[in-house]
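Input: a single structure, listed below in structure tokens.
Residue numbering restarts at 1 for every chain, and letters A, B, ... go by the order of the sequence lines.
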Amino acid sequence: MNQANLWLQLRRAAALTLVLLAWEGISALGWVDPFYAPPPSAIGGSIAQLFIDGEIYKHLQATFGAALLGLFLGLIGGALLGFIAALIRPVAELLEPVMAMLNAIPRVILAPLFIIWLGIGIASKVALSFILVVVLTFFAVYNGIRDVDTRLVERVKTLGGGPLVLLREVYVPSVVAWVMGSLKVAVGFAFTGAVVGEFVASSRGLGYLLAFAQSTYNAELTFALIVLVLVFVMLLFGLAGALERHLLRWKYR
Amino acid sequence: MLDIRALQMSYGAEPVVENVDLGVAAGEFVSLIGPSGCGKSTLLRAVMGLQKPTAGNIRLDVEKAEIGFLFQDDALLPWRTARDNVALGLRIRGRSKGEARQEAMHWLESVGLGQFGDRYPRELSGGQRKRVAIAQVLALRPKLLLMDEPFASLDAIVRHYLTEDLLSWVEGEDLTVLMVTHDLEEAVAVSDRVVLLGNGPRAHVKGRWEIDLARPRDLLRVKEQPEFATTARQLWDALSEEVRTPTIRQRPELEVVNQ
Ligand SMILES: Nc1ncnc2c1ncn2[C@@H]1O[C@H](COP(=O)(O)OP(=O)(O)OP(=O)(O)O)[C@@H](O)[C@H]1O
Ligand SMILES: [Mg+2]
């Protein structure tokens with residue numbers, strides 16, 4: 001199975017290389033305008049330049065800081081709210097419609113509001129990341145608890161388990177399974193929140209650089225930044241995947 | 001040990017079981033038989049306190065913690081290995097982790113799953129899962145054992161040996177048992193008394209048979225005794241009265257569609 005997996009990865013890498021080579025070739029032949037679609041080599045050079053200058057680090061730090069903080073707070077907040085709503089009915093009656101509404105709208109439209117309230121610093125980006133992640137996590141946890149297998153609850157009760165044992169043995173593991181299912185989406189959301197927030201108004205971050213690149217019609221820098229965001233999100237996806245396989249090993253082994 | 005009086009259980013308006021009287025004395029092995037859907041599981045759940053009676057009462061001479069309950073569609077915790085599933089009840093009773101695991105392995109071995117301690121439930125067959133559940137319950141050394149078709153999904157051989165083990169365990173420890181089963185021969189072979197629950201709704205006790213075979217019983221020998229065959233035959237006849245003719249034979253009339 002591992003060998004098959006290796007082959008799959010190799011085939012994918014080969015396909016990607018082929019596409020990049022073709023793109024490079026088309027550019028070299030002058031079939032596309034490098035102003036709009038710069039060749040991969042130029043984009044690579046641009047990325048390298050960003051790191052050589054050292055310019056990029058403070059932007060990476062800003063975006064990562066906002067995204068990870070928003071992700072962390074969103075996961076904690078969503079889990080807490082979800083737990084409370086699932087256990088206390090009146091809370092659910094209040095929270096559920098609010099969350100459903102927030103879930104229905106594209107939450108990034110709240111970005112201007114957060115900037116008015118919290119300024120152009122990191123706080124408004126964290127808030128946007130948070131609001132994107134918290135709604136997702138809320139529903140994962142809320143549904144996770146309400147859909148808990150009642151047979152498991154009864155099983156543990158008949159073995160003599162009280163509320164604490166039920167929580168530890170049944171509710172938390174069920175919820176972890178649900179949250180893990182949406183962790184990758186949450187990582188994506190957290191970055192969306194941070195980058196969009198920076199895009200709207202900021203003084204640093206990848207979103208800020210993107211806005212700058214756009215305003216100067218710098219397609220090369222734009223591509224470079226898109227590739228950077230892509231690489232970092234993929235990296236985090238890998239981490240999230242590894243965490244998922246570890247925590248849900250009873251499912252995947 | 002257990003005394004059920006005028007019990008009524010309902011899900012909707014119409015009671016599933018009504019006016020059920022059933023007593024189980026300490027050390028007695030009672031089997032409950034009856035047509036599918038008549039309310040046997042419901043009755044057992046009521047005894048365990050998982051469901052409230054709508055009328056009547058249930059008196060128990062044991063603590064809740066001393067009752068072992070085997071569900072019909074038993075579920076193990078999917079995120080715990082077989083060993084940790086068995087150990088869970090022991091942990092709840094305050095045993096240390098190492099001790100509980102060691103004891104759990106002992107119980108897994110006694111149901112023939114010694115090598116499967118590290119498997120997750122997903123990696124076990126239906127019958128193996130059932131055996132883990134049996135180990136999980138027996139490990140707590142209950143005084144009263146409530147079992148809902150415990151051996152339904154096992155092959156004939158494993159079923160025979162497990163029943164034999166259970167029987168000697170029950171006789172040795174002087175356990176009290178109330179078991180639901182669809183296997184009439186099994187009911188006669190292991191029980192002191194077999195109780196027939198009639199057809200639902202409003203099912204009630206339709207018959208009782210005292211099984212006067214000597215204990216300890218040998219599961220194979222007991223079936224050679226003349227009394228065994230006659231009682232099994234009586235149960236068969238009585239149950240046949242209660243079970244409605246299988247619907248497979250009753251094709252729906254086409255005219256009905258036009259009504
Ligand atoms: N949760 C429920 N809600 C509504 N009705 C139910 C529920 N559980 C069981 N019933 C009904 O109650 C009746 C008795 O069910 P029960 O499970 O006790 O039957 P049973 O005698 O154990 O049947 P079987 O031998 O097939 O296991 C059935 O008619 C069933 O449809
Ligand atoms: Mg049943």
Side-chain angles (χ1 to χ4, degrees), chain A residues 1-2 75 79 82-83 86-87 89 137 140-184 186 240-253, chain B residues 41 44-51 62-95 100 104 118-124 129-130 132-142 144-148:
Chain A
M1 198 205 105
N2 243 335
L75 288 174
F83 253 104
L87 299 180
R89 239 209 119 75
T137 315
V141 171
Y142 183 62
N143 290 329
I145 292 183
R146 291 200 327 164
D147 285 0
V148 150
D149 191 342
T150 51
R151 292 178 310 165
L152 297 182
V153 174
E154 288 185 340
R155 168 82 288 174
V156 172
K157 272 189 188 161
T158 58
L159 290 176
L164 268 177
V165 177
L166 272 178
L167 194 69
R168 193 186 65 222
E169 298 292 331
V170 182
Y171 286 104
V172 168
S174 316
V175 163
V176 165
W178 274 75
V179 171
M180 281 301 133
S182 43
L183 186 63
K184 284 184 184 170
L243 187 67
E244 185 179 346
R245 276 191 305 280
H246 175 70
L247 287 177
L248 303 187
R249 57 191 177 283
W250 52 271
K251 214 178 203 174
Y252 294 121
R253 189 173 78 182
Chain B
S41 299
L44 231 55
R45 291 169 54 83
V47 175
M48 189 66 222
L50 293 169
Q51 227 161 297
V62 286
E63 305 277 317
K64 275 275 144 62
E66 293 170 325
I67 308 178
F69 193 104
L70 264 172
F71 293 87
Q72 184 170 12
D73 52 348
D74 226 318
L76 301 167
L77 295 175
W79 36 80
R80 292 264 182 244
T81 58
R83 182 190 60 196
D84 287 348
N85 262 289
V86 178
L88 177 61
L90 298 163
R91 295 275 289 140
I92 290 172
R93 274 158 181 69
R95 224 66 65 82
D118 286 327
R119 297 268 188 107
Y120 286 104
R122 193 179 59 85
E123 300 165 325
L124 297 170
R129 283 200 283 265
K130 195 89 209 183
V132 176
I134 291 172
Q136 190 180 43
V137 168
L138 290 185
L140 300 179
R141 297 174 168 271
L144 171 64
L145 199 50
L146 305 171
M147 301 191 284
D148 201 342

### Query
After noting the C-alpha distance and the side-chain angles of B:Val137 and A:Arg155, does the key distance pass the side-chain contact (heavy atoms from CB on, under 4.5 Å) rule?
CA-CA 10 Å; B:Val137 168; A:Arg155 168 82 288 174; 3.7 Å; yes
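- In terms of heavy-atom pairs under 4.5 angstrom with chain A, the leader among B:Gly49, B:Pro121, B:Ala75 is B:Ala75.
- Annotation for B:Arg93 and A:Leu159: closest pair NH1-O, 2.6 Å, computed over non-hydrogen atoms.
- For the set B:Ile67, B:Leu90, B:Ile92, B:Leu88, the entry with the most heavy-atom pairs within less than 4.5 Å of chain A is B:Ile92.
- Within residues 78-87 of chain B, the residues that have a heavy atom under 4.5 Å from a heavy atom of chain A are B:Pro78, B:Trp79, B:Arg80, listed by number.
- For B:Tyr120, there are no ring-ring contact (aromatic ring centres under 6.0 Å, His included) partners at least two apart in sequence or on another chain.
- Taken to the nearest 0.5 Å, the CZ atom of A:Arg151 stands 10.0 Å off from the CZ atom of B:Phe71.
- Heavy atoms of B:Leu77 lying under 4.5 Å from chain A belong to its backbone as well as its side chain.
- Among residues two or more places apart in sequence or in another chain, the salt bridge (Lys or Arg N to Asp or Glu O under 4.0 Å) test is passed with B:Arg91 by none.
- The minimum heavy-atom distance linking A:Thr158 with B:Met48 is given by the pair CG2-CG, 3.7 Å.
- Looking at B:Leu76, the atoms closer than 4.5 Å to chain A (heavy atoms on both sides) all sit in the backbone: N, CA, C or O.
- Residues that satisfy the side-chain contact (heavy atoms from CB on, under 4.5 Å) test with A:Leu166, not counting sequence neighbours, are A:Val153, A:Val156, A:Lys157, A:Val170, A:Tyr171.
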